[in-house]
Number of protein chains: 2
Amino acid sequence: MFIMNKVYSLYESIQEKGYKLTEHRKTILDVLIENEDYLLEPSEIFEKILRKNKNINFSTIYRNLEIFVHSGIVRKINLDDGKSSYQIIFEDQHIHSMICKKCGRVEALKGCPFEKIDMKEIEKKGFRPDSHKFEIYGFCKECLSNKKC
Amino acid sequence: MFIMNKVYSLYESIQEKGYKLTEHRKTILDVLIENEDYLLEPSEIFEKILRKNKNINFSTIYRNLEIFVHSGIVRKINLDDGKSSYQIIFEDQHIHSMICKKCGRVEALKGCPFEKIDMKEIEKKGFRPDSHKFEIYGFCKECLSNKKC
DNA sequence: GTTCGTGCAAATCGTTTGCAGGAAT
DNA sequence: ATTCCTGCAAACGATTTGCACGAAC
């Protein structure tokens with residue numbers, strides 16, 4: 001039961017930050033876990049919870065997603081359309097992704113291009129980097145084979 | 001007068017797409033050109049136009065920014081706060097940037113990390129890339145020396 | 001003269017907030 | 001018992017839209 005260990009460790013991260021472990025939080029996490037390879041928008045999370053015959057208010061979803069991000073167990077990505085999407089983080093790895101523009105599927109890339117960057121160029125400009133983003137957008141195998149792309 | 005050549009070529013790009021060359025469009029472009037090293041939000045563009053003792057409606061600004069992006073002369077970037085920012089593109093170069101989180105200053109990076117990516121990894125997943133994003137966030141020299149970061 | 005652009009006001013969309021009652025610790 | 005969590009409804013900010021008039025081609 002590897003998966004349960006991973007889930008418990010998510011629960012611990014929440015409690016370590018002083019947040020309570022409520023049923024709603026577990027439900028939202030369930031949805032994120034069941035879609036661990038996908039970026040989900042708050043509205044998609046809402047719908048998937050409905051399909052479980054549960055109902056959680058939008059504001060509760062938003063508030064808890066922020067809490068999860070703050071607890072380091074969820075990643076927030078701002079896509080080009082201006083909407084935010086969320087994805088569970090099982091290990092606290094630093095990753096970059098291939099993101100399917102059709103279905104939101106996310107696949108991890110090995111390595112990080114930032115490590116190959118010429119730091120001298122950045123230092124010369126007097127710039128102090130504190131974060132970076134590298135994302136490849138395109139279409140995943142499944143969406144391509146559906147011939148809808 | 002290199003700058004004017006560059007400006008005329010922007011005008012041409014607009015007209016080539018079948019859009020009319022209006023005074024408002026020129027004014028918005030002026031502001032983008034005067035801030036070519038910065039990311040500007042629509043509200044900042046609005047204010048800078050006001051300071052020129054001109055007034056352009058917000059909806060006109062939004063509509064024209066979309067048109068400029070569609071004409072390939074303006075770049076749109078979605079920052080983490082969910083707001084959109086815009087920047088003029090003088091040459092249709094493919095660039096990646098260092099972005100100052102305080103003042104919005106943008107400095108170009110040499111090279112592109114995508115070229116160093118192991119394409120075999122992507123092919124193996126059956127993923128078809130169509131675009132990518134590499135951005136370094138941090139603080140620029142000026143903002144650092146203001147000791148406000 | 002036709003097509004396209006604009007200002008205005010209202011609508012929309014995603015997201016956030018204040019508050020009063022309810023649940024976790 | 002205290003602190004935190006939630007639903008609700010309302011507020012919010014950024015962006016978009018319908019429409020009637022005006023400007024570019």
Side-chain angles (χ1 to χ4, degrees), chain A residues 8 10-31 39-50 52-71 73-86 104, chain B residues 8 10-31 39-50 52-71 73-86 104:
Chain A
Y8 289 136
L10 296 177
Y11 291 174
E12 278 168 20
S13 301
I14 289 175
Q15 292 181 310
E16 276 167 14
K17 291 275 177 179
Y19 300 117
K20 291 177 179 168
L21 192 54
T22 66
E23 282 308 307
H24 281 171
R25 288 186 179 152
K26 288 183 187 171
T27 302
I28 298 171
L29 281 179
D30 281 348
V31 168
L39 283 173
L40 297 183
E41 295 173 11
S43 62
E44 293 174 311
I45 295 170
F46 179 79
E47 284 160 23
K48 286 175 195 295
I49 289 171
L50 273 190
K52 289 176 179 288
N53 295 313
K54 296 182 182 177
N55 197 350
I56 301 182
N57 195 275
F58 256 100
S59 52
T60 302
I61 294 175
Y62 276 105
R63 281 191 271 234
N64 284 319
L65 287 171
E66 277 312 300
I67 282 172
F68 296 160
V69 170
H70 189 244
S71 302
I73 61 173
V74 164
R75 169 184 304 126
K76 177 180 182 177
I77 291 186
N78 282 69
L79 295 179
D80 278 335
D81 59 7
K83 292 186 199 162
S84 300
S85 298
Y86 299 84
Chain B
Y8 288 136
L10 296 177
Y11 290 174
E12 278 168 20
S13 301
I14 289 175
Q15 293 181 308
E16 276 167 14
K17 291 276 178 179
Y19 299 117
K20 290 176 181 169
L21 192 54
T22 66
E23 282 309 306
H24 281 171
R25 288 186 179 152
K26 288 183 188 170
T27 302
I28 298 171
L29 280 179
D30 282 348
V31 168
L39 283 172
L40 297 183
E41 294 173 12
S43 61
E44 293 174 311
I45 294 170
F46 179 79
E47 284 160 21
K48 286 175 194 295
I49 289 171
L50 274 189
K52 288 175 179 288
N53 295 312
K54 297 181 181 179
N55 196 350
I56 301 182
N57 195 275
F58 257 100
S59 52
T60 302
I61 294 175
Y62 277 106
R63 280 191 271 233
N64 284 319
L65 287 171
E66 277 312 298
I67 282 172
F68 295 160
V69 171
H70 189 246
S71 303
I73 60 172
V74 163
R75 170 184 302 127
K76 176 180 183 178
I77 293 186
N78 282 71
L79 295 179
D80 278 335
D81 59 7
K83 292 188 199 160
S84 300
S85 299
Y86 299 84

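Just so it is clear: chains get the letters A, B, ... in the order the sequence lines come, proteins before strands, and each one is counted from 1.
Taking atom CG of Asn78(A) as the reference point, atom P of dT15(D) lies 12 Å away to the nearest angstrom. In this structure, Lys20(B) places its NZ atom 11 Å from C1' of dG1(C), rounding to the nearest Å. Atom P of nucleotide dT15(C) and atom CG of Asn64(A) are separated by 15 Å, given to the nearest angstrom. Rounded to whole angstrom, the span from the NZ atom of Lys76(B) across to the C1' atom of dT16(D) amounts to 11 Å. Here dC4(D) presents its C1' atom at 16 Å from NE2 of His70(A), a figure rounded to the nearest Å. Atom P of nucleotide dG14(C) and atom CG of Asn57(A) are separated by 15 Å, given to the nearest angstrom. To the nearest angstrom, C1' of dG7(C) lies 9 Å from NE2 of His24(B). When the C1' atom of dT12(C) is taken as reference, atom NZ of Lys83(A) falls 12 Å away, rounded to whole Å.
Listed pair Gln15(A) / dT25(C) meets the phosphate criterion, a side-chain N or O lying under 4.0 Å from OP1 or OP2. The shortest distance between the side-chain N/O atoms of Tyr62(B) and the OP1/OP2 oxygens of dT16(D) is not below 4.0 Å. In terms of phosphate contacts, Thr22(A) brings a side-chain nitrogen or oxygen within less than 4.0 Å of OP1 or OP2 of dT6(D).
Ranked by how close their nearest DNA chain C nucleotide is to the 5' end, Ser59(A) and Glu41(A) are led by Glu41(A). With the nearest nucleotide of DNA chain C identified for both Phe58(B) and Gly18(B), Gly18(B) has the one nearer the 5' end.
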From CA spacing to verdict: side chain to side chain contact (heavy atoms under 4.5 Å, CB included), Tyr11(A), Lys26(A)
CA-CA 8 Å; Tyr11(A) 291 174; Lys26(A) 288 183 187 171; 3.5 Å; yes
What verdict does the side chain to side chain contact (heavy atoms under 4.5 Å, CB included) test give for Tyr86(A) and Glu44(A), after you've listed the backbone C-alpha separation in whole Å, the side-chain angles of each residue and the deciding distance to 0.1 Å?
CA-CA 10 Å; Tyr86(A) 299 84; Glu44(A) 293 174 311; over 6 Å; no
Name every donor-acceptor pair, under 3.5 Å, that has one atom in a side chain of residues 12-24 of chain B and the other anywhere in the protein, sequence neighbours excluded.
{"from": "Ser13(B)", "atom 1": "OG", "to": "Ser9(B)", "atom 2": "O", "distance (Å)": "3.0"}
{"from": "Tyr19(B)", "atom 1": "OH", "to": "His70(B)", "atom 2": "ND1", "distance (Å)": "3.1"}
{"from": "Thr22(B)", "atom 1": "OG1", "to": "Arg25(B)", "atom 2": "N", "distance (Å)": "3.2"}

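Among all heavy-atom pairs drawn from Ser84(A) and Pro42(A), the shortest one is O-CD, 3.4 Å. For the pair Glu41(A) and Ser85(A), the tightest heavy-atom approach, listed with the atom from each and the gap, is CG-OG, 3.6 Å. Of all the heavy atoms in Val31(B) and Lys52(B), the pair that sits closest is CG2-CE, 3.7 Å.
Heavy atoms of Glu66(B) sit nowhere under 4.0 angstrom from any nucleic acid atom.
Defining each end axis of the helix from dG1(C)-dC25(D) to dT25(C)-dA1(D) as the rotation carrying four pairs' C1' atoms onto the next four, with five pairs an end, the two axes are found to diverge by 40° to 10 degrees.
Residue Tyr8(A) places its OH atom among 12 or fewer non-hydrogen atoms of other residues, nucleotides or ligands, all under 6.0 Å distant.
In the set dG18(C), dC5(D), dG14(C), dG18(C) carries the atom at the smallest distance from any side-chain atom of Arg63(A). Comparing atom distances between the Arg25(B) side chain and each of dG5(C), dG7(D), dC25(D) picks out dG5(C) as nearest.
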